[in-house]
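Notes to accompany the following structure.
Protein chains get the first letters and strands the later ones, always in sequence-line order, with residue 1 at the start of each.
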Amino acid sequence: MSIQAASRLPLKHLSLKNRRWGLIFSTSFLALILLAAVLAPLIAPYPPATVDLLRVNSGPTAQHWLGTDALGRDIFSRMIHGSRTALAGPAFVVLLSTILGLLCGLWAGWSGGRIDAVISRAFDIVLAFPALLLAILAVALFGKGLIAPVLAMSIAYTPYIGRLTRQLVATEKNRQYVSAYAVQGFSAPWIATRAVMPNVLGVVGSQTTQNFGYVLVELAALSFLGLGIQAPQADWGNMINEGQSALVSGNFLPALIPSVAVVLVVVAVNTVGGWLSDKLGDPFA
Amino acid sequence: MNKPLKLALAAGAVLALASCAVTPSEDSASAAKPSFDLTVNTAAPSGELDKLSWSLYAEPSSLDYAYAFDFSDNQVLANVCESLLRLNADMSVGPGLASKFENPNPTTWVYTIREGVTFHDGSTLSADDVVFSMNRHLDPAVGSFWYSAYANVNDIKKTGTHEVTVTTKVPDALFNESLSGAPGVIESAATLQAAGGDYGNSTGGVNCTGPFELKSWQSGEKINLTRFDGYWDKKLLAKAQEVEFVIQSDPVARVNALKSGEIDGGWMLPSNAIGELKASGAGDVFFGLNSAVNSLVVSNPEGPLGNAEVRKALLMAIDRNGLVQAAEAGFATRTNSLTTESVWGSADAATKASAFKDLIDYPYDIEAAAKIIEEQGVAGAEITITTAPMGNNFAVTAQATAAAAESIGLKAKINTVTPNAYSALFSDPAAREGTDLFYTNWYLSAGNPLEMFSILRTGDFSNYGSWSNTEFDKATNASLHTKDSVKSLSLAVESQKILNKELPWLPLYESPTNLWMNNKITGASPSVNYLYYPWAAHIGAK
C-alpha cells in the first residue's frame, strides 16, 4: 500500500465513538505540539545546545525527563525546540504548494482545452519525480538547510493540490449557479475566484492537511540524511540521525523519542485530515 | 479501534518499554573510566580456517601503495603487499623484502633484496622491481601521498643483482624507518607498467608478494583475498585459506554483525560499543599499542584559527576529559601532545621523560578562554568545522568543538560531508576550502615522532593549515639530519615543545588500538602495526 493510499484509510467505517476519541486525541496532541513550538524558549528546561560531556546518554532522570543524548544535551529540551522546524517546514511547503496548486488547478480547470492540457502535462512531469529526490537535487544545487528543500518540496506537492483543484473546478464550472453568474454579467475571473473557489477550498483543505504529514516525514528524512537542518540545531530528523550512534551502546532513547514523535504527529495530522475529508466530502471516497 | 489511534498507542507503548529497558545512567554518567590492559599477543591458533570474514568500516580508496593513506586502505593492503622492512608489533623495524640494510655513510642506505621471493603471478622479485616501485614516489605524474618520506632522496639505483642503494641529499633519520610502511611497498614493475592508471583500483588490482593475494574487489561490497601458497616466509604462511573483508560503513550494522558471529573480527571498533560487545560473550575485545593521536587539524591560516592565541583559547574551551568519556566511552586518555609515548621507543629514558614533561596543559577554562577571544578581537568570528557521518567520535567531537567555540564567543558552523569527501580533505587542497577545522585520528607509520614533526614543516604535503614556524623547521630538520637515533630524538624534543606551544593542530586524546575476534578465531596481535604487517596470516581457528 502506498503512503497516499494508506492515508485514505476508510475512517468512515469505524465506529463513531472510536473516531471521536481519535480525533480528540489527535487535535489535543497537535495543539500541544504547536504550543510547545511557539513557547519553546520559555518552557524548555535547558538550552537545546548545552553540552554536558560527563552526562551522556543518561537515560530518563529527574533532571532530564527523557534523558540526554551522546553530547549530554537534554532530549526533552531538544524535542521542544525541534518541534519548531518539524512544524514550520511542512507548514511552509503546504502553504506554498496549496497557493500554487490552487492557482494552477483553477486556471486549468476553468480554461480547459490547451491550457488545461499543458498544465496537466506539467503536473505529470513533476509527479514523475519523488519529492525527496527533488529536495536532494535542490540541496545539491543550493546547499543544505531548510530553504532549498522547502522550495523543492513545494513544487513537488503542487500537482497534488493542482490536480484535485482542476478536477473540482472542471465539475463546478458546469453547475447552474456558474451559468447564472455568467448570465448576470459577472466576469469569468470573478466567477472563478469568488464563486467557484470557495466551493473547492474545503476539499482541498483536507488534502492539504494530509500533505502536511507526508512532508513532515520527508523533511525529517532529509535531515536524517544530513541534508536538511544542520547540527547542532535541534531538529527531529537530525536527532534520529545523531541518536543512531548510541544504539550500539544499547541507548536507543535518543533515536527512538524523535522517531516516535514523527510517527505520532503524522498519525494525528492524518486523523484530522481524514475527519476533514469525511466532513467536507472526500473526492476519492 | 481507529488505525491511527492504534498506531499511536503502539508507539507510546514502545516508548514506555524503551524507558524501562534503558537503565537510567546517573551512574554511568559519573562512571569511572573503564580500565583496559594492553595485549601484546593473543593465543596461538590451533588449526586452519577455510574462511575468515573481517569487518571493514569503509571501502579503501585505493590499494595502490602510493595512495594508500588511510586505515581502511592499509589494513587490507598489509596482507597483500609487503615493504622492504617489517614493522613489528612493538613498532621496531626488522628485515622484510630487504633481508639486510646498511648505512655505510650518513647519506647512503644499501638494501640487500631477499632472494627466492615471488610475486603472486609467479614472477621473481628483483632489484629492478624495487627501484621501479620506490621511484614512483618521486614521480610527479604519480603524485604519491608518501612523497614526504622521499623528500630528501637524491637517487635510487640498482647496485647489484640483489642490491639497491638509496642516496639522500642530507642525512635523513626517518627515511629507513619509513620503508616499513607504505613508502617501502614493492610491486612488480611489469604489473605497474601494464596496469597503468588502473593499478590498485577495483579492476586493476595488485600483484605483490604478501601471504595473501587479491582475488576480487566488489566495489561497495567486499574484498576477497586468497592464501598465497608460494609465500617466501614459511613461518608466516596464512592459516586462513580465504579472507573476506566486508565493507560496513554503518556502525550499528557492524556491531550487530560482530555480535551475531556473521563477521569474525574487525579493527577500530566504535568505542561506545565495546561494552556491548564484551557483554555479548561472542568474542573478546583486545587493546594494544597505538601511535595515533585524535586531534583537530587547523586548515585555514586566514581564518580566526590562524592566530595561535585563538587556537589556545579553543583548546581550553574543549572539555577533553569529557570528550574522552563521550566520544570514546572512556577508552582513551587526554593528551597535550601530537605524539604518543609509543613512538619515542628509540629514545633514551631522559629524552622520553623530557618530551612529555612540562608540556603546557591548557586546562578546561571557559572564562579564561572567552577572555582571550575578547582580547584577540575575534568575538563573533565564524569557524567552519567539517565532519563526516563516520561514527560516534566524529559526531561528538565536531559538535562538542562547535559548542566550545560558541561558548567563548566564536560562531561555529558544522559542515557534514560524505566519508569520501572527508577523506579528500587529507589529499586535496580544494576539498579543504571553506574549512577551518577537521577532526583526525592521525597515526604514525613509523615508531618515530619525527614522522609527525616532519609533516608540519613549512610546505609539507600534510601541513594542511600551511602553518609555518622557522624555529620548528630548524629544530625538526636538525633532528632529521642527525644519523644517531638517540641523539636525533633528543633534538626532537624541541619540536614537541614548539607544537605544544603553538598548536598548529589541537591535540585531544589518544586511544589504544582495538580489535575484536569472535570465539572461533585467535592469533592476531592488537598493535597499530596491523596497518603494515600481514596480521591476517596469524589468524586461525581457536
Quiz item: Do A/Q230 and B/T416 touch side chain to side chain, with heavy atoms closer than 4.5 Å?
Solution: yes

Heavy atoms only: give me the nearest [X]-[Y] pair and the separation to one decimal.
X	Y	answer
A/A70	B/A326	O-CB, 3.8 Å
B/A403	A/A49	CB-O, 4.5 Å
B/P251	A/V248	O-CG1, 3.7 Å
A/L71	B/A400	CD2-N, 3.7 Å

Quiz prompt | Derivation and outcome, side-chain contact (heavy atoms from CB on, under 4.5 Å), residues A/K144 and B/N415 | solution = CA-CA 9 Å; A/K144 297 166 188 168; B/N415 175 34; 3.8 Å; yes

Looking at [atom1] of [X] and [atom2] of [Y], how far apart are the two atoms once the value is rounded to the nearest 0.5 Å?
X	Y	atom1	atom2	result
B/Q325	A/L54	CD	CG	6.5 Å
A/D52	B/D319	CG	CG	8.5 Å
A/T50	B/E406	OG1	CD	11.0 Å
B/E276	A/L247	CD	CG	10.0 Å

Quiz prompt | Under 4.5 Å from any heavy atom of chain A - which part of B/V255 | solution = side chain

Quiz item: In this structure, are over 12 heavy atoms from other groups packed under 6.0 Å from A/I43 atom CD1?
Solution: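 Above 12, so yes.
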
Self-check item: Closest-packed option against chain A by number of heavy-atom pairs under 4.5 Å, given B/N272, B/N392, B/I414, B/V252
Solution: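 So the answer, after comparing B/N272, B/N392, B/I414, B/V252, is B/N272.
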
Self-check item: Top contributor to chain B interface from A/G226, A/A231, A/G72, A/P232 [non-hydrogen pairs under 4.5 Å]
Solution: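 Option with the top pair count is A/A231.
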
